[in-house]
Amino acid sequence: MARSAVFATAFAAAVLAGRLTVMDGTSLSLVWPAAGVAAVWFAAQRRAGTLVLDVAALALITFVLNRATGASGALAGCFVAANLLQVTLVQALLHRWAPDLWGAGGRRPLTGTRHLIVLLGAAAVASAGGALVGVVGAGLLTGQWSTLTAAVWLVRNSVSLVLGLTVGLRVGYLATAWRSGRRGAGAVPAPVMRAELPWQRLGRAGTGELTGLLVVSGVAYLVIFDVLQTLPIAFPLLVVTVWAALRFDTTVVALHSLAVGVLAVVFTLGGDGPFAFVDDDALTALLVQAFVGMVAVLGLVLALGRDERQVLLGQVRAQAAEADQRTEHARVLAGAARLVHTSAQVRTDICRAAQQITGADLVHLLEPDGAGNITTTASTGADTTPATFALDGEPSLTARAFRTGRAHFLADVRQAPHLSAPVRHLAGFASAAWQPVRSHRQESLGVLTLVWHRPLAALPDHVPPMLETLASEAAAAVEREDLLARLAQAADHDPLTGLVNRRRWDTATATETARARRSGQPLTMAIVDLDHFKAYNDTHGHLAGDELLRAFAHAATAQLRDIDVLARWGGEEFALALPGCTTQQALAVAARIHAAVPAGQTCTIGLARWTPGEDAAQVMRRADAALYAGKNGGRDTTVTAPDPLPRQTRPTLTPTPSTQ
């Protein structure tokens with residue numbers, strides 16, 4: 001509404017100025033700046049929702065001011081129709097021929113010869129339409145009509161439209177871009193704006209040159225139109241137009257053309273200058289308007305042609321910069337992927353890679369814990385406190401990202417409706433993002449949570465695809481690490497009981513005997529055999545036998561320390577290493593194991609204390625002999641093997657009751 005009021009005021013002033021140049025004995029104005037003002041008015045207000053008000057204001061102002069300056073009611077109505085038709089035609093043609101142009105519905109500035117040709121064509125057609133209504137109507141009403149009058153209308157309105165729209169479209173685009181930048185929403189980024197609209201910052205030297213141009217232009221027009229008015233020449237004035245077009249911005253060129261055009265018209269209307277020698281006022285008006293139009297078109301052709309070249313060069317530079325940026329992004333992503341795939345700490349390095357790509361202050365990798373929660377398994381940043389969220393509990397974007405597999409970004413975490421309360425109240429958290437980590441089968445493996453302490457209006461365009469790619473690489477790396485861990489588990493552990501197997505046992509006992517040799521600490525080994533296991537198997541079935549083995553492994557492990565080693569020795573036999581345990585301490589452990597045998601079953605245990613000079617295999621042979629002595633002695637007992645004696649044959653083994 002405010003802009004409409006300003007334009008209406010400017011239009012009224014332009015109508016009055018035009019009516020002051022009405023030729024004697026006619027109703028035709030020699031100049032009509034209102035045409036350009038009206039075109040800019042409706043271009044600027046195209047999306048403002050004030051069309052009905054603007055049409056009414058233009059019609060009322062045209063009618064009232066024409067009536068006030070001597071036109072009849074019918075003639076004023078004819079001029080209203082002509083102005084409305086003219087402004088409607090120019091807007092419709094611009095929208096059809098250049099829909100990307102600012103003021104025609106698009107967001108592009110007036111640049112290049114294509115836009116100039118469209119502008120000239122739209123101005124000529126619209127002026128012709130206005131002339132058809134205005135001149136023919138005025139001729140019918142006044143009885144005065146001529147081809148020359150129609151030509152004056154066509155040329156003067158075309159010149160007014162071209163100059164007015166050139167200035168209005170350029171200034172309007174700059175104003176829109178500036179306001180968008182101030183608001184921070186939908187702003188035209190500086191590199192894009194430079195590529196779309198070359199804008200020359202004058203600086204001190206440029207300001208001085210522009211001042212010189214204006215002074216020289218004023219002096220030149222004064223000399224041609226006043227001092228040397230007896231010489232019917234005007235072409236030297238084109239020099240200053242070429243100077244302006246080659247040295248200054250197109251907007252400056254348009255304003256300069258408008259200013260010198262006003263000078264030419266004012267001098268001519270005052271009876272001075274090379275065009276004043278013509279006796280016919282209409283022909284004089286036609287000549288001076290044609291001169292102004294030629295000056296304007298020459299300057300705009302040169303300036304917009306230069307703009308077009310600069311725009312193309314700017315676009316090439318922007319594309320080159322974008323290519324360099326993409327190359328850098330690819331390098332960073334490749335480095336991150338390489339780090340993830342070659343790391344010994346895959347999960348931590350996934351977080352580091354995400355932080356490197358996004359610049360986040362804090363990154364967490366959260367994975368399911370098997371108990372209905374998703375919890376931190378790795379993190380990097382200032383706050384690495386683990387976080388846990390229920391997958392089916394309080395609303396949580398972490399859980400939502402995991403369940404749906406969709407990424408989320410929040411510019412302000414404090415305003416998020418679906419953010420868990422603990423996260424919302426964390427101090428210093430401004431923006432956050434959630435990137436699901438999904439396998440190639442589209443199964444959710446986890447979520448990368450990224451937090452910024454500074455607010456981000458939006459993620460940069462390159463970040464989401466890079467995060468998605470990193471998440472894919474992370475999924476592959478996590479799956480590979482988990483697979484390797486399972487393979488390592490399978491290689492070193494018994495698949496039925498989960499205990500270490502003979503391969504891992506040999507490594508562990510070699511390590512323990514070496515440690516005992518160095519430290520002098522005691523070491524006891526044992527073999528445990530489940531009594532009558534074959535009979536249990538035959539009675540209850542193989543599945544029940546397998547379950548008994550699993551249950552015994554679990555129950556026996558519960559009686560041991562973390563440093564003790566329990567292994568599946570074979571069949572229903574288990575091997576046990578007790579670092580730091582004397583024989584008496586080992587007997588206490590054996591008693592606990594006897595008591596823990598499940599399903600009402602019993603076991604027999606053979607113990608052997610390691611002595612210096614023995615290896616693990618020798619100790620286990622003595623423990624095995626003790627075991628068989630116990631089995632031969634009635635089972636459900638613990639037998640201790642005596643220490644080896646030099647040059648001694650097989651020792652005599654004495655069963656020890658299991659209650660010992």
Side-chain angles (χ1 to χ4, degrees), residues 10 14 17-18 30-37 39-40 43 90 103 109-113 115-124 127 154-174 197-200 202 206 209-225 234-269 273-275 285-308:
L30 291 176
V31 294
W32 193 246
V37 174
V40 176
V90 76
L110 177 66
T111 52
T113 54
H115 279 165
L116 179 59
I117 292 172
V118 168
L119 183 59
L120 291 173
S127 298
L154 180 62
V155 172
R156 71 164 198 195
N157 282 26
S158 296
V159 171
S160 179
L161 286 172
V162 170
L163 285 175
L165 282 172
T166 300
V167 174
L169 296 182
R170 298 276 294 197
V171 173
Y173 174 83
L174 288 171
L197 180 59
W199 181 252
Q200 299 173 348
L202 293 176
E209 185 178 0
L210 178 59
T211 303
L213 170 67
L214 296 177
V215 171
V216 170
S217 298
V219 171
Y221 273 78
L222 179 64
V223 169
I224 295 295
F225 279 86
F235 63 86
L237 297 175
L238 297 178
V239 174
V240 292
T241 298
V242 173
W243 177 11
L246 294 179
R247 296 292 296 169
F248 295 100
D249 181 81
T250 300
T251 307
V252 174
V253 174
L255 289 171
H256 177 265
S257 298
L258 182 62
V260 297
V262 170
L263 284 177
V265 170
V266 169
F267 277 120
T268 301
L269 291 178
F275 306 110
L286 179 62
L287 290 174
V288 70
Q289 293 284 2
F291 170 75
V292 172
M294 181 181 63
V295 168
V297 170
L298 174 64
L300 292 176
V301 166
L302 293 175
L304 288 174
R306 181 201 59 221
D307 275 4
E308 193 169 26

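Position 1 is the first residue of the sequence; numbering continues from there.
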Query raised in the report: Between the side chain of Arg170 and the main-chain N/O of Pro109, is any donor-acceptor distance below 3.5 Å?
Result: no
Requested in this report: Taking all non-hydrogen atoms of both residues into account, name the closest pair between Ala245 and Gly299 and its distance.
Outcome: CB-O, 3.5 Å
Report summary line: Closest non-hydrogen atoms of Ala124 and Ser158, given as atom of the first, atom of the second and distance, are CA-OG, 3.8 Å
Query raised in the report: Taking C-beta and beyond as the side chain, do Val288 and Phe267 meet within less than 4.5 Å on heavy atoms?
Result: no
**Report entry** Min side-chain heavy-atom separation Leu120-Leu300 under 4.5 Å
**Finding:** no
**Report entry** Nearest heavy atoms of Val167 and Ala254, plus distance in Å
**Finding:** CG2-CB, 3.6 Å
Requested in this report: Begin with the C-alpha distance, continue with both residues' side-chain angles, and end with the deciding distance and a verdict on side-chain hydrogen bond (donor to acceptor under 3.5 Å, both in side chains) for Asp307 and Thr250.
Outcome: CA-CA 8 Å; Asp307 275 4; Thr250 300; 2.5 Å; yes
Query raised in the report: In terms of side-chain heavy atoms, does Glu308 have a donor or acceptor partner in Thr113 at a distance below 3.5 Å?
Result: yes
**Report entry** Closest heavy-atom pair and its distance - Leu161, Ala39
**Finding:** CD2-CB, 3.6 Å
Query raised in the report: Do Thr268 and Leu287 pass the side-chain contact (heavy atoms from CB on, under 4.5 Å) test, and can you show the C-alpha distance, the side-chain angles, and the key distance before you say yes or no?
Result: CA-CA 10 Å; Thr268 301; Leu287 290 174; over 6 Å; no
Query raised in the report: Yes or no on side-chain contact (heavy atoms from CB on, under 4.5 Å) for Val262 and Val292, after CA distance, side-chain angles and deciding distance?
Result: CA-CA 8 Å; Val262 170; Val292 172; over 6 Å; no
Report task. Please round to the nearest 0.5 Å and tell me the distance separating atom OG1 of Thr251 and atom CG of Leu174. Result -> 5.5 Å
Query - Stepwise side-chain hydrogen bond (donor to acceptor under 3.5 Å, both in side chains) check, Gln289 with Trp32 - result: CA-CA 10 Å; Gln289 293 284 2; Trp32 193 246; over 6 Å; no
**Report entry** From Phe248 atom CZ to Leu210 atom CG, the distance as rounded to the nearest 0.5 Å
**Finding:** 4.5 Å
Report task. Find the distance between CG (Leu237) and CE (Met294) and round it off to the nearest 0.5 Å. Result -> 9.0 Å
Report summary line: Residues Val155 and Ala290: closest non-hydrogen pair is CG1-N, 3.8 Å
Query raised in the report: Do the two ring centres, one from Phe275 and one from Phe291, sit under 6.0 Å apart?
Result: yes
Query raised in the report: Can you tell me if Ser217 and His256 form a side-chain donor-acceptor pair at under 3.5 Å?
Result: yes
Query raised in the report: So, do Tyr173 and Leu110 sit near enough that their side-chain heavy atoms are less than 4.5 Å apart?
Result: no
Query raised in the report: Is there a donor-acceptor pair closer than 3.5 Å between any side-chain N or O of Ser160 and the backbone N or O of Arg156?
Result: no
Query raised in the report: So, do His115 and Leu119 sit near enough that their side-chain heavy atoms are less than 4.5 Å apart?
Result: no
Query raised in the report: How many angstroms lie between OG1 in Thr166 and CG in Leu116, if you round to the nearest 0.5 Å?
Result: 7.0 Å
**Report entry** Electrostatic pair Arg306-Asp249, nearest N-O below 4.0 angstrom
**Finding:** no
Query - Minimum heavy-atom distance Ala244-Val253, with the two atoms named - result: O-CG2, 3.4 Å
